[in-house]
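Residue numbers begin at 1 in each chain, while the letters A, B, ... track the order of the sequences.
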There are 2 protein chains.
Amino acid sequence: MNTLSYGLLSLLTKNSRSGYELMLHIQPFWSAKHSQIYPLLALLEQKGHVAYVHVPQSDKPDKKVYSITEQGKEALREWIAEPTDEPVTRDELSLKVYCIGLVDKEQARKMLAVREVYYRKKKERFGSLMDKLQQGSDKPLAQLEIGDDAFGMYVLVHKATMKVDTDLIWCEWMKEKLK
Amino acid sequence: MNTLSYGLLSLLTKNSRSGYELMLHIQPFWSAKHSQIYPLLALLEQKGHVAYVHVPQSDKPDKKVYSITEQGKEALREWIAEPTDEPVTRDELSLKVYCIGLVDKEQARKMLAVREVYYRKKKERFGSLMDKLQQGSDKPLAQLEIGDDAFGMYVLVHKATMKVDTDLIWCEWMKEKLK
DNA sequence: CTTATCTATGTCATTATTGACATATAAATA
DNA sequence: TATTTATATGTCAATAATGACATAGATAAG
């Protein structure tokens, strides 16, 4: 079973969710399109790691709401104990920046400006996520512990926020360099 | 042509390199195995974007040293002007951390400790890279400008250093949380 | 003395991932 | 009014990426 499948199981330990919702919630931490997720959910269902109920909706299309099974939880626990793969990053901008001398300052600035907008939006999204997390919590997020349900999400959003702040600092630094 | 192909061309704007060297130098910024790189180099050669000379070696296996052609440089310039893809990150640890409540504190600490070692090694590698960069430069790195040959590499290594420092700060923060 | 690592290039089957196609309704925006 | 966005699920061809296999000499570590 691939890493994304375990990722889907991980999300399902907190809430039952539709494939569409799973896609939206996993994307900040693992890039994946719906065309990859739906077939994997079908496989997980075949294997008995998840089960779903068909939920009819009047205003929106019907959906399948998936839940993790006891068997799925057991598979998850085994996966967590195994050695963890190293992170993989692929950023086209890095490759372009490497040979940035090929273009003039103006073009370079524009390239960086587009990316800065991307980072700002990302920061905003993580900010909202943190707010939503606080609203759903009965104690201040800083007091959450490993046993608390929201702990994992909290520490991940915290990390994401730290990283996007670093990206923005680099953008500012680059603007100075390209003045 | 895919992004990695352009990445290889980017590296070749600074130095002529063998496929093996290209693999080693691109990996910090774009994960790729030799089995992907060698076929792409053959394609780039077919298209006339790169050319190679066979270099016999006595102590080590022979190598093919690739150089970018004028045509390759033109392709690069066109690519840089196009919109840049958003970065893709896939980190299995994030998925595990999300459901970290499934394991006990001790196991969680060990998981994070392995990752911390990974980050420390990475930081060291980027530190060496920066040193090597300074040795090859006639002025202090902080004074490099867009026209300078080492500028792209310098700003990239700077970014990588900032990011890995952020990762390490998160690791320390997590150690506190898991005390 | 043996095993692992580094150098160096390559192929190929398998797996992972994307992008396009397909369908359908509601709401918001231009 | 027309187009885009969001909701919702799915298939399938094409592309990207990995891991295993193959070869081979040198050096380093255990």
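- Classification of K121(B) and E124(B) as a salt-bridged pair fails, no side-chain N sitting under 4.0 Å from a carboxylate O.
- Nearest to the side chain of H34(A), among dG19(D), dT9(D), dT7(C), sits dT9(D).
- If you find the closest nucleotide of DNA chain C to D59(A) and to M1(A), the one lying nearer the 5' end belongs to M1(A).
- Nucleotide dT5(D) holds its P atom 12 Å from the OH atom of Y20(A), rounded to whole Å.
- Between Q57(A) and Q36(A), the residue anchored closer to the 5' end of DNA chain D is Q57(A), taking for each the nucleotide with the nearest heavy atom.
- Closest approach to the K60(B) side chain among dA8(C), dA17(D), dT9(D) is made by dA8(C) (side chain taken as heavy atoms from C-beta onward).
- With hydrogens and angles disregarded, a donor-acceptor distance shorter than 3.5 Å links the side chain of D91(A) to the backbone of L93(A).
- Comparing dA16(D), dA16(C), dA8(C) against the side chain of K63(B) picks out dA8(C) as the nearest.
- Remark: C1' of dT18(C) and CE of M23(A) are 14 Å apart, rounded to the nearest angstrom.
- Rounded to an integer number of Å, the gap from CG of L24(B) to C1' of dC6(C) is 9 Å.
- A straight line from NE2 of H54(B) to C1' of dT9(C) spans 10 Å, rounded to a whole angstrom.
- Atom pair E92(A):CD and dA16(D):P shows a separation of 12 Å (rounding to whole Å applied).
- As judged by a 4.0 angstrom heavy-atom cut-off over every strand, A32(B) is placed among residues touching the sugar-phosphate backbone only.
- dT9(D) atom C1' lies 14 Å from atom CG of L40(A), rounded to whole Å.
- Dashed line: the shortest gap from a side-chain N or O of R90(A) to OP1 or OP2 of dA16(D) is not under 4.0 Å.
- Ring geometry, Y154(B) versus H158(B): the interplanar angle falls from 30° to 60°, so the pair is classed tilted.
- A cation-pi geometry, defined here as NZ or CZ lying under 6.0 Å from the six-membered ring centre and within 45° of its normal, holds between K14(B) and Y98(A).
- Of the listed nucleotides (dA16(C), dT18(D), dT7(C)), dT18(D) has the atom at the smallest distance from the side chain of K33(B).
- Y52(A) places its OH atom 11 Å from the P atom of dT9(D), with the value rounded to the nearest Å.
- When rounded to the nearest whole Å, the span between CD1 of I37(A) and P of dT7(D) equals 14 Å.
- Looking at R120(A) and E116(A), a side-chain N of the basic residue comes within less than 4.0 Å of a carboxylate O on the acidic one, giving a salt bridge.
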